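Encoded as structure tokens, the structure appears first; notes follow it.
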Amino acid sequence: QVQFVESGGGLVQPGGSLRLSCAVSGSIFSMSSLYWFRLAPAKERELVAIITSGGRTTYVDSVKGRFTISRDNAKHTVYLQMDSLKPEDTAVYYCNVVPLHAWGQGTQVTVSS
């Protein structure tokens, strides 16, 4: 059973930064690519960033140059550093692996002045 506990969200002004964390339980962590998704109101869940077990990263175009995904295998935690935040980044952010497991509670990010 793999479980995800996301944290670090909050309310931030445009241009601000947040660092999200996701603690992952289960033995698959070090072997798995890890994914950050987000779900905004009235939108489909969107893949934001991926980090492979070897550390290779991929980003959706809308966050390239602003977001950085990283992982700490010793802590079984994946991070998402979000800089230069925009109102359109407002969403609930989730982490997961593929094939998808049950979603965690997510962490709310609100970008507003």
Side-chain angles (χ1 to χ4, degrees):
Q1 183 83 14
V2 181
Q3 293 182 319
F4 309 96
V5 179
E6 299 91 349
S7 62
L11 173 63
V12 63
Q13 292 187 342
S17 297
L18 285 173
R19 188 191 193 207
L20 306 185
S21 300
C22 176
V24 184
S25 66
S27 60
I28 66 170
F29 183 91
S30 60
M31 299 180 292
S32 299
S33 295
L34 300 164
Y35 298 70
W36 279 103
F37 296 83
R38 65 187 178 187
L39 182 60
K43 292 189 176 180
E44 299 278 331
R45 197 185 306 264
E46 176 186 35
L47 175 61
V48 175
I50 307 168
I51 184 166
T52 68
S53 57
R56 181 173 295 181
T57 59
T58 305
Y59 301 92
V60 67
D61 285 347
S62 60
V63 308
K64 283 181 181 176
R66 300 189 298 120
F67 289 12
T68 304
I69 187 172
S70 61
R71 62 191 292 163
D72 186 329
N73 289 340
K75 295 183 178 179
H76 282 205
T77 300
V78 59
Y79 303 98
L80 187 67
Q81 176 68 41
M82 306 188 297
D83 299 316
S84 302
L85 281 161
K86 303 176 180 181
E88 51 264 43
D89 296 317
T90 295
V92 181
Y93 285 71
Y94 303 85
C95 67
N96 214 311
V97 297
V98 173
L100 295 175
H101 284 67
W103 297 99
Q105 83 288 351
T107 187
Q108 174 71 50
V109 172
T110 303
V111 185
S112 175
S113 55

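All values derive from a computational prediction rather than experimental measurement. By convention here, the first residue in the shown sequence is residue 1.
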(message) Test: ring-ring contact (aromatic ring centres under 6.0 Å, His included). Region: residues 37-76. Which pairs qualify, not counting sequence neighbours?
(response)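 Matches after skipping sequence neighbours: F29-H76, F37-W103.
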
Report the distance from atom [atom1] of [X] to atom [atom2] of [Y], rounding to the nearest 0.5 Å.
{"X": "L34", "Y": "T57", "atom1": "CG", "atom2": "OG1", "result": "12.5 Å"}
{"X": "E88", "Y": "S62", "atom1": "CD", "atom2": "OG", "result": "8.5 Å"}
{"X": "D72", "Y": "Y79", "atom1": "CG", "atom2": "OH", "result": "5.0 Å"}
{"X": "R66", "Y": "S84", "atom1": "CZ", "atom2": "OG", "result": "7.0 Å"}
{"X": "I51", "Y": "R71", "atom1": "CD1", "atom2": "CZ", "result": "6.0 Å"}

Got [X] and [Y] here, is their nearest side-chain heavy-atom distance under 4.5 Å?
{"X": "T68", "Y": "L80", "result": "no"}
{"X": "I69", "Y": "I50", "result": "no"}
{"X": "Q81", "Y": "S17", "result": "yes"}
{"X": "H101", "Y": "N96", "result": "yes"}
{"X": "T90", "Y": "Q108", "result": "yes"}
{"X": "Y94", "Y": "F4", "result": "no"}

(request) Indicate, with yes or no, if L100 and L39 share a hydrophobic cluster defined by side-chain heavy-atom contacts under 4.5 Å among Ile, Leu, Val, Met, Phe, Trp and Tyr. (result)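 Cluster IDs for L39 and L100 match.
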
(request) Treat each ILVMFWY residue as a node, draw an edge where side-chain heavy atoms are under 4.5 Å apart, and state whether V92 and L47 are in one component. (result)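 Shared cluster, yes.
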
According to salt bridge (charged side-chain N to carboxylate O under 4.0 Å, His left out), who are the partners of [X], at least two apart in sequence or on a separate chain?
{"X": "E46", "value": "R38"}
{"X": "R45", "value": "none"}
{"X": "K43", "value": "none"}

(request) Output the rest of the hydrophobic cluster of V5: all Ile, Leu, Val, Met, Phe, Trp and Tyr residues reachable through side-chain heavy-atom contacts under 4.5 Å, sorted by chain and number. (result)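 Answer for V5: none, a lone residue.
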
(request) Work out which heavy atom in T77 is nearest to a heavy atom in A23; give both atom names and the distance. (result)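 What the structure gives for the nearest pair is OG1-CA, 4.1 Å.
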
(message) For residues 45-113, which residue pairs pass the disulfide bond (SG atoms under 2.5 Å apart) check, not counting sequence neighbours?
(response)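 The answer is C22-C95.
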
(message) Check whether Q105 reaches the backbone of E6 with its side chain - one donor and one acceptor, N or O, closer than 3.5 Å.
(response)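 Flag set: sc Q105 to bb E6 pair under 3.5 Å.
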
(message) Using a 3.5 Å distance criterion without hydrogens, assess whether the side chain of S25 forms a donor-acceptor pair with backbone atoms of Q3.
(response)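 It does hold such a pair.
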
(request) May I have the step-by-step check of side chain to side chain contact (heavy atoms under 4.5 Å, CB included) for L20 and V109, ending in yes or no? (result) CA-CA 9 Å; L20 306 185; V109 172; 4.0 Å; yes

(request) Check V111, D89, L85 against P14 for a side-chain contact (heavy atoms from CB on, under 4.5 Å) and give me the one that passes. (result)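 Going through V111, D89, L85 one by one, the side-chain contact (heavy atoms from CB on, under 4.5 Å) with P14 is satisfied by V111 alone.
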
